[in-house]
Each structure stands twice: as structure tokens, then as C-alpha cells.
Amino acid sequence: MKKEEKSFFYRNSLSIVFVSLFFLALAAQAFFGWKEHNQELNDLGGQQMAFFPYLESGHFFAATFENFQSEFLQMALYVILTISLRQIGSAESKDIVKSEEVDREPDPTKPDAPRAVKRGGWRLLVYQNSLALAFILLFIISWAGHLYGSFADYNQEQVLKNLPAKTLTEFMKEPLFWFETFQNWQSEFLSVASIVILTIFLRQKGSPESKPVDAGHMETGK
């Protein structure tokens with residue numbers, strides 16, 4: 001008897017739930033950020049903004065892309081560094097000695113191999129590094145978005161305080177942008193270090209991010 005096909009939601013539930021949570025959190029951030037920014041404008045004697053113009057403001061761009069860029073940096077480094085670095089006993093590390101499936105050479109004869117694998121050459125070279133390249137590109141775009149937003153918001157505040165606006169070069173010498181940047185980066189590095197180290201000794205039955213419950217502490221990989 002043919003097994004009943006799983007529903008669309010079941011087959012895509014992880015993506016659907018996280019994308020939904022993302023948009024809900026982004027909407028909440030936008031609403032409360034709008035309220036906070038209008039309070040700041042009011043305190044500085046400026047004119048309050050309507051909600052939709054706020055979404056184009058430096059304040060919203062800075063707050064949003066400040067978080068994006070740290071997340072994409074985390075994922076880019078995680079993808080790249082786990083190629084060659086190891087942590088004995090961690091579920092997030094490749095085996096200390098033996099090679100794994102992800103290390104095998106791509107086989108262009110596989111019927112379901114992606115087109116880039118079958119065509120080879122520069123297309124294969126790009127494709128086999130495409131995940132890291134995508135995260136690096138997203139990080140650069142997000143970093144630029146954070147810089148633009150923080151710069152625009154800073155100069156708006158300068159004008160409201162009757163102070164001269166700064167050029168981008170002058171702004172980048174100020175501690176504000178770098179404080180915003182590194183306070184996010186350090187939290188991302190800590191979260192990665194936490195899952196790498198905690199999965200040595202701790203377990204979560206049913207999670208692909210954990211080793212099997214009965215696995216030894218020094219057993220490396222999932």
C-alpha cells in the first residue's frame with residue numbers, strides 16, 4: 001500500500017514557522033521602533049513621523065540591518081570554519097579523523113545532481129562554494145545597510161541638536177557605529193561557541209542539532 005504523502009506544511013514546516021516568526025518579529029520591531037523614534041524626535045523638538053515614512057528612515061535601517069549583518073557574519077564564518085576546524089565531541093563538528101559525505105567529490109553522473117555539477121568548470125567551482133558566497137554577500141549588503149541607516153540617523157540627530165552634519169568618513173571615526181557593530185558580533189560568536197561546546201555533553205532527543213542521547217561525550221558529529 002502506497003504511503004500517504006505528507007502535507008505541504010509538514011514538508012516545509014521548519015521554513016514556514018521561522019519565516020513567519022521573522023515577519024512577526026520584524027513587524028513588532030518596526031512598530032515599537034517607530035514609537036521609540038517619535039519619542040526621541042519629540043524630546044529633541046523635531047516633527048514626529050508617520051509609520052510608513054519611518055520604514056525608510058535611518059533609525060529603522062540601522063536597527064534592522066545591525067542585526068542582519070551579525071547573523072549573516074555568524075553563518076558565513078560557521079559554514080567556512082567548520083570545513084577545516086574541529087571540536088572533539090561536538091555535534092557541530094566533523095569527525096576528527098575520517099572524511100565525511102560532505103567532503104566527497106561531486107558526481108556529475110548522478111541523475112538528480114544539480115545542473116552546475118553536471119556542467120562542471122567554473123559553474124561547479126562557484127556552486128560548490130555558493131552557500132558561503134551567499135552568506136558573505138548578504139553580510140556585506142547588511143553591513144552597508146547598517147552603515148547607511150546609522151549614518152542617516154546620526155545626522156538627523158545632529159541637525160535637531162543644531163550641530164553640523166558629518167560626512168560618512170567623519171562618521172566612521174565616531175565610536176557609535178562600531179559600538180553597534182561589535183555588540184552584535186560578540187553575541188553571535190558566543191551563541192556559536194555555546195552550541196559547539198554544549199553539544200559535547202548535553203542532548204536533545206529528536207533534534208538534528210544534537211547527538212543521539214546514548215552517544216558518548218567524545219563521539220564527534222551527529
Side-chain (S93) to main-chain (I88) donor-acceptor, under 3.5 angstrom: no
message: Is it the case that the side chain of K211 and the backbone of L202 share a donor-acceptor pair, with hydrogens and angles ignored and the cut-off at 3.5 Å?
response: no
task: Compare all side-chain heavy atoms of T220 with those of I200 and state whether any distance is below 4.5 angstrom.
output: no
query: Can any side-chain N or O of R86 pair as donor or acceptor with the backbone N or O of S84 at less than 3.5 Å?
result: yes
query: Using 4.0 Å as the upper bound for N to carboxylate O, is an ion pair formed by K173 and E170?
result: no
- prompt: So, are E174 and K166 salt-bridged, with charged N and O less than 4.0 Å apart?
  reply: yes
- request: Please confirm whether the backbone N or O of Q183 pairs with a side-chain atom of Q186, one donor and one acceptor, at under 3.5 Å?
  value: yes
message: If I compare all heavy atoms of Y148 with all of E56, which pair ends up nearest, and what's the gap?
response: OH-O, 4.5 Å
message: Other residues, nucleotides and ligands only: do more than 12 of their heavy atoms fall within 6.0 Å of CD on E209?
response: yes
query: So, the side chain of R203 versus the backbone of S210: is there a donor-acceptor pair under 3.5 Å, distance only?
result: no
message: Just so I know, are the side chains of T181 and L147 near enough to count as touching, which here means a heavy-atom distance under 4.5 Å?
response: no
task: Give a yes or no on this: more than 12 heavy atoms of other residues, nucleotides or ligands lie within 6.0 Å of atom CZ of R123.
output: yes
- prompt: Taking D95 for the side chain and K98 for the main chain, is one N or O donor matched with an acceptor at less than 3.5 Å?
  reply: yes
Note: D103-K94 ion pair, threshold 4.0 Å (strictly below): yes
- request: Report yes or no: does N38 contribute a side-chain atom to a donor-acceptor pair with the main-chain N or O of M49 at less than 3.5 Å?
  value: yes
- prompt: Do Q87 and T199 come within less than 4.5 Å of each other through their side chains, counting heavy atoms only?
  reply: no
- prompt: Does one hydrophobic cluster hold both F18 and F9, with members joined at side-chain heavy-atom distances below 4.5 Å?
  reply: no
task: Can you label the angle between the F51 ring and the W34 ring as parallel, tilted or perpendicular, going by 30° and 60°?
output: perpendicular
- prompt: If you measure from CG on D153 to OG on S57, what distance do you get to the nearest 0.5 Å?
  reply: 7.0 Å
Close side-chain approach of D43 to E40, heavy-atom, < 4.5 Å: no
- prompt: Taking the six-membered ring of F32, is the NZ or CZ of K35 close enough (under 6.0 Å from the centre) and on axis enough (within 45°)?
  reply: no
task: Just say parallel, tilted or perpendicular for the rings of W143 and F177, cut-offs at 30° and 60°.
output: perpendicular
task: Kindly compute the distance separating OG (S90) from CD1 (I195), expressed to the nearest 0.5 Å.
output: 8.0 Å
message: Centroid separation under 6.0 Å, is that true for the rings of F68 and F65?
response: yes
field: Validation row, ring centre H59 to ring centre Y54 under 6.0 Å
entry: yes
- request: Inspect the surroundings of CZ in F171 and state if more than 12 heavy atoms from other residues, nucleotides or ligands are less than 6.0 Å away.
  value: yes
- prompt: Are I140 and F135 side-chain neighbours, meaning at least one heavy-atom pair lies under 4.5 Å?
  reply: no
- request: Evaluate whether atom CZ of F8 has more than 12 neighbouring non-hydrogen atoms of other residues, nucleotides or ligands under 6.0 angstrom away.
  value: no
- prompt: Looking at side-chain heavy atoms only, is the closest gap between E71 and F139 below 4.5 Å?
  reply: no
query: Any side-chain heavy atom of E92 sitting closer than 4.5 Å to one from Y78?
result: yes
query: Between the side chains of E180 and N184, is a donor N or O closer than 3.5 angstrom to an acceptor N or O?
result: no
Close side-chain approach of M172 to F151, heavy-atom, < 4.5 Å: no
- prompt: Under the 3.5 angstrom rule, does the side chain of R104 hit a backbone N or O of S99 as a donor-acceptor pair?
  reply: no
